Every structure is written in structure tokens, then in C-alpha cells.
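Heads up: the structure comes next, in C-alpha cells.
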There are 2 protein chains.
Amino acid sequence: MVTLAEVAQHAGVSASTVSYVLSGKRSISATTRQRVERSIRELGYHPNAGARALASSRSNIIALMIPLRTDMYVPVMMEIAIAVATCARTHGYDVLLLTGEEGPDAVRRVAGSGLADGMILMDVELDDERLPLLRATDQPSVLIGLPADTTGLTCVDLDFRATGALCVEHLAKQGHQDIAVIGEAPAVYERHTGFAERTLDGLRSRSRELGVRLLHRPCDGGYDAMAVTLARILDERPGTSGIIVQNESAVEPLLALLRQQGRAVPEDMSVVAICPDQVATQASVRLTSVAIPAQEMGRHAVEHLVAKLEGRGRDEVVLIAPELTVRTSTGPAPSRS
Amino acid sequence: MVTLAEVAQHAGVSASTVSYVLSGKRSISATTRQRVERSIRELGYHPNAGARALASSRSNIIALMIPLRTDMYVPVMMEIAIAVATCARTHGYDVLLLTGEEGPDAVRRVAGSGLADGMILMDVELDDERLPLLRATDQPSVLIGLPADTTGLTCVDLDFRATGALCVEHLAKQGHQDIAVIGEAPAVYERHTGFAERTLDGLRSRSRELGVRLLHRPCDGGYDAMAVTLARILDERPGTSGIIVQNESAVEPLLALLRQQGRAVPEDMSVVAICPDQVATQASVRLTSVAIPAQEMGRHAVEHLVAKLEGRGRDEVVLIAPELTVRTSTGPAPSRS
DNA sequence: ATTCGGTATCGAAGCGCTTCGACAACCTAT
DNA sequence: ATAGGTTGTCGAAGCGCTTCGATACCGAAT
């Protein structure tokens, strides 16, 4: 293994000079710099991460804490994770992957050991048990998701309240009076996951304002659960002409069931999905949808965290404005006959 | 931040004693151990990761390299990643997430910097460009997937050849003579991804042995691509009575299309999927399937890597035997009329 | 009583890097 | 010519930990 000292010797300078070439923290003459850089290349030198971390007390690692929940839509998580990892690299950071398994203690462990310089938490609950620990250690952090109390925290999320409102608006504008919402799995609400509740909040208040009826039902993923849920909804509100789905793994089952029952989309039933664009465009009907901007969320999270680590950047809540893309699954409400 | 020295002082012992209590590398009297452990707890001591890595030249970190490909079925990747992270923790390792973005150089960077003690590579191609680098650095590693040349490498994978064979066997046993295979996206084959080719190999050789006709068509995910592919298949081989799908995002579209065309599953058409169990059980028909054991793969990979890091463990190729679960999407071939 | 093998502990060296203060060497303004 | 300010480089002191002798003590065997 090549060390700084060997590079220094090879280039005929002192170790500190090499270090300064690497970090750029002091001015170095062009000739020296070139000699050093040449030696680095020739010897194939890579700074030792541990030594660096010890000496500088910065690890250049960001911890990303992903929960293990199986009732969450996984691809979005994955996309965020990849975006975080990729974006972090462009800022010179690597990403450490923590699963929920270890529980809140992971926060303490990582903060205490100096393993990571900061952390990003995903799938934050309204009253997340990791937050007290996070506030206790003054570990720089960014949440993806919104807890109930955001004081002293930096959070990045899609504006789910506005998302809900947007969906209702779109349907109401087309004359739909009876709207059903097929939500996330019941477990998601029981856990008080912020995004689910905020969406619901947006849906409800906007529909109240616009004077349309709204029926919300949680629903597990998969075909069977969807069949039961849909039957209940149509039984309770036969006049339903618009459906908003927030559970991605319920999208295709829903479309299949509607087709099977002879309800045409969008002629008999309009469908709006809250899901990644890929799902919306690959479904059996091109779905009008509000996209979940996973990449953007990951990128924002990293950038805010890096800003904090560099001393810039203050606590703030960043809500990404939702965008509704009209595709072919929504249309005017059928005239009441 | 609490240091080893502070703990030592608090417990009235030397720093090295505390270190030995922590590592267990030398015998320590019960009384001393307890005193030290108490101090550790009272002071809330966490060993500093960087210092540890520097002194011991082991980081207790495993790098996990996930490619960025969007044409791959992401949930499986995610599941493996989570399994790796979780399993690694039980062995005292953390996981560093590397994306394909950085390219093969990531191998050099991580190996050179001592950031990780070993690495796990996912989505290995037959002739993967990371392998030469991997062999050059003698970084301990485990591949998930099988390259063309496995000498000197440890690999973990589902036995896709056997998987293909198993699918054909199951259908042939039920009297199906004309079988269609809906494969992964064309890009996957162009890239010479091991698992896709090996599956195909198993499918072909077994169908030759059993004397059944086999038609293979790659297919992108989504409804539209599936519609085109299915139409072509049925056009070319109208007698097709069994379908094997290897692209998870094609599963639900396929079922929707069959339903739409009035082909009952399994009466008119048997369908076997190669996919995670969750997909098979949540689809609109309970699919007979060969599961992709993501968890098991992740676990195996970690365990082999840890074995290598501890000096046990030699190079070997671990193929996990496929298991076919019969559900309700397959039945006897319709009698030829 | 003396020696021997264990067991339990300590001190010190050093892992590879960053960073601070010191110091030449040089340039400018007086 | 001299003081003052830059600029570029070096040496040395750690960062917090592991690990290798060395040492001191104990009971068992001679």
C-alpha cells in the first residue's frame, strides 16, 4: 500500500506538501504541484480513508437510513437511495446504508463512532422515535419525509397536501362529484406516516372546499385486497366516477378489475394515480398522475446535507411542488342518468 | 466525544486494557471487565471508527456495488441490498452503497483507500469490466451473479439454468407442446447478463430433451411492449398453450392482455413466472412460479465474504437450487381440437 | 524453597494523515 | 537599503486506537 510519505519522498517534497496539494488548503507552486501529482499517478496512490478520518475528524461518508418496511412501495425507496448515492459521490461523499433493523440505536452508533459526517433518514413517521436521538446528538441530518414537529430539523418531501388537493381539483374540474380514494396499506396509517396523512388532509380539505364527496379507504397491495376494497367502495357509493390511487401496487389490480367489470377508463371511471412516472406510463392505461419525484428528493436531501456539513445551510422544510400530468385515464364525469 | 483514554481513566485501568475488553483478544479478569464495561456505559463511549480502521487496518465495512440500470427489475435488487445490509450488521459490518455511476474505478478507489474490507458486486455481466480490476487488487469479494470466467472468484446466484429447465419440465409434464418464453428487456441480453442467458440455456436444452417447441422473445416491461410481443408470439405459434415469463414488469400486463383476449388462465393458457414470491402471490392470478430468493442470495453473499475476511472460506460458486411452487396459473394443456 | 507456565495488566510504538506554527525566499513600498 | 507583506515549503505534534513485548503476580510442580 502506497502512503503519503512514499509519495512525498518520490516527489522530493515533505509529506505536508503532498497533503496540501491534495486538499488545496494552502497555495502550492505550479511546479511542485505537478511533480506531486505525477508521483501520485505513477505510484497509484490512494489516501487511506481511516487515517484521513482520524486526522481530520471527517469521514466523508453520509449515512442513509432506510426502514425495512415491506408494506411500503419499494421502488421509490430504491430510486431515492440510488439518487442519494450518486449525488453524494459528486460531492465527494460515500453512502453508508443502514436498515431499520437496528432501530433508533443506529443513530447513536453512527453519530458516536464518527462513522458518518451526517445522515439522511427516510420514511419518517409523524412522531418518529429516531428524532429525539437525532436532536440529542447534534449530528447534521436531513429527513426525507415530514414529522409532526419539524423544529430544528431539515426536511425534504413532496408537498403531499398539495398533491391531494391537486388530484381532487383535477377531478372536480371535470365534473366528478363522487370521488373515492384508494390509499396506502392500513399499516401505513396506523404507523402515522406523514405523507399518507398529509395527502389525506389535502384531499379532504380541498374536496370540502369544492363541495365534492370523498370516500377514503386504505388498501393493501395486490389483486385480492383491491377486489374487496373496490367492491366496498362501489357498494357504498355507487355514483363514484373518479378514483384517486395512492398505493402503487394497487394500480394495476384496480385497472384489471375495472376492465373486468366492464367499466371503461376514463369513460365510466376516471383514475388519478399518485406514483412514479414509470408506473403511470407502463400501466395498461396511461394514467393521469402526480409523480413522486424520487430523484429530485434524493438530490435535494444530499445537497442540503452537504450544505450543512460545509457550514452553509440552515434548518428548513423543503416541500417540492406536485405536478399533475394529464394522460388518458381521466375525462369528464359521465352525465347522471 | 468520549475516548478510550477517558474510559480507561474512569475505570482506573490502562487504555490497552479497555481495548482488550472490547476486542476480547486477551483474557481479562471478570472484575476488571465489569468495571470497564460499566465505565463504557456510564460515559456513553463509542469507539471511533476512523481510529480503529487506521490502527487495525480493518474498516468493518463491506462495499455493495449496485448498478444503475433501469431496465432491471428493481425490487429484487432492493431486497438483496436490504438483506445484505441487515445480514452484514449481524456480523459487525456496515455496508457502503456504491452505484454503477462511478464505473469500474470505484473498485480501485475502495480497494486502494481501505474504505471497505471487501466488496459484493451485483448484476454481474458475463464479461464484466469490473472483474479485471477486482482480480488485480486482491480485494476479497463476492459476486451476486455469474460471469463467464469464475476462476479465482466467489459467486452466489440462483441456478438459472436449472430454473429454466424446471419451468419447461413443469409445463411439458402437463402436456404442453408449444411453449413461449417472454424474456427480459432486449437490453439485458445485449449486455450479456449472465442470468438471462443461463435461463435461456436451461429452457432450450431441456425443451430439446423433452421434445417440446420453445419460442423465446425478449420484452420490455409495461403494457404496450407486452401487447406487441404477445401478438407476435400468438401469430407465429397459434398453438402456444404455455408461457414462461421472466420479466416481472411484464407479468401483470400479460395477465391483463390474456384476460382481455378471452383466454382463460390456466384453462386456455398456462403461465409460469420467474419472479419474487410477492409478485406471484399478488398478481391477479396466483402464479405458478420459481421464486427469486433475494434474501437468501444477499445472506449467502455476506456470509461467504465474511468467511473470506476471517481467513476461512475459499473461492467457490454457490448455485441456489430453484424451487417451483405450483399455484393456479398452470394446468393441463387444452386438448388439440 | 525454587522454578516454571499461566493469567492479567501496563507502557509505548505506530497506523497514515491533517494542520499549525515557523521560516526562508522573494517582492514591494518606502 | 530596510521594513513589511506574500508565498511556498517544512517539521512536528497529534487524531484515537490496536498490538506487541514486558512485567508482575499467582499457584502448581519439582
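As the structure is a prediction and not an experimental result, all values here were calculated from the model. The chains referred to below are lettered A, B, ... by the order of the sequence lines, with proteins before strands, and numbering in each begins at 1.
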> Whole-Å distance between dT18(C) C1' and R58(A) CZ?
Replying inline: 13 Å
> Tell me: CG of N60(A) to P of dC17(C), nearest whole Å?
Replying inline: 14 Å
>> For DNA chain D, please output the secondary structure as dot-bracket, reading 5' to 3'. Pairs are Watson-Crick or G-U wobble, both atom distances under 3.5 Å; mark crossing pairs with [ ], other-strand partners with |, unpaired with a dot.
In response: ||||||||||||||||||||||||||||||
>> Just N and O in the side chain of K25(A): are any of them under 4.0 Å from OP1 or OP2 of dT19(C)?
In response: yes
> With a 4.5 Å heavy-atom cut-off, do M297(B) and V76(B) have their side chains touching?
Replying inline: no
> Is the backbone of I62(A) close enough, under 3.5 Å, to the side chain of D117(A) for a donor and an acceptor to pair up by distance?
Replying inline: no
> What's the CG-C1' distance between L4(A) and dC15(C), to the nearest Å?
Replying inline: 13 Å
> dG16(D) P sits how many Å from L115(A) CG, rounded?
Replying inline: 16 Å
>> Measure CG/L54(B) against P/dT18(D) and give the value in whole Å, please.
In response: 11 Å
>> Given dC17(D), dC17(C), dT19(D), identify the nucleotide with an atom nearest to the side chain of P47(B).
In response: dC17(D)
> Tell me, do R89(B) and R109(A) make a side-chain contact under 4.5 Å, heavy atoms counted?
Replying inline: yes
> With nearest nucleotides of DNA chain D determined for L22(B) and A55(A) from heavy-atom distances, which residue corresponds to the more 5′ nucleotide?
Replying inline: A55(A)
>> Mind checking if T3(B) touches a base, just sugar-phosphate, or nothing, with heavy atoms under 4.0 Å?
In response: sugar-phosphate
> Is it true that D159(A) and R198(A) have a side-chain N and a carboxylate O under 4.0 angstrom from each other?
Replying inline: no
>> Has T193(B) got a side-chain atom pairing as donor or acceptor with V188(B)'s backbone, closer than 3.5 angstrom?
In response: yes
> Any donor-acceptor pair under 3.5 Å linking the side chain of H300(A) with the backbone of E296(A)?
Replying inline: yes
> Whole Å only: how far is the CG atom of N48(B) from the P atom of dG14(D)?
Replying inline: 18 Å
> Can you tell if the side chain of V107(A) reaches within under 4.5 Å of the side chain of Q139(A), non-hydrogen atoms only?
Replying inline: no
> Do side-chain atoms of S59(A) reach the backbone of A53(A) as a donor and acceptor pair under 3.5 angstrom?
Replying inline: no
> Once you round it to whole Å, what is the distance between C1' of dG16(C) and CZ of R52(B)?
Replying inline: 18 Å
> Under 3.5 Å, is there a donor-acceptor pair between the S56(B) and R58(B) side chains?
Replying inline: no
> Tell me, for nucleotides 5-13 of chain D in 5' to 3' order, what letter each nucleotide earns: B for a base near a protein heavy atom under 4.0 Å, S for only sugar-phosphate near one, - for neither?
Replying inline: --SSBBB--
>> In this structure, how many angstroms lie between the C1' atom of dC17(D) and the CD atom of E6(B), rounded?
In response: 14 Å
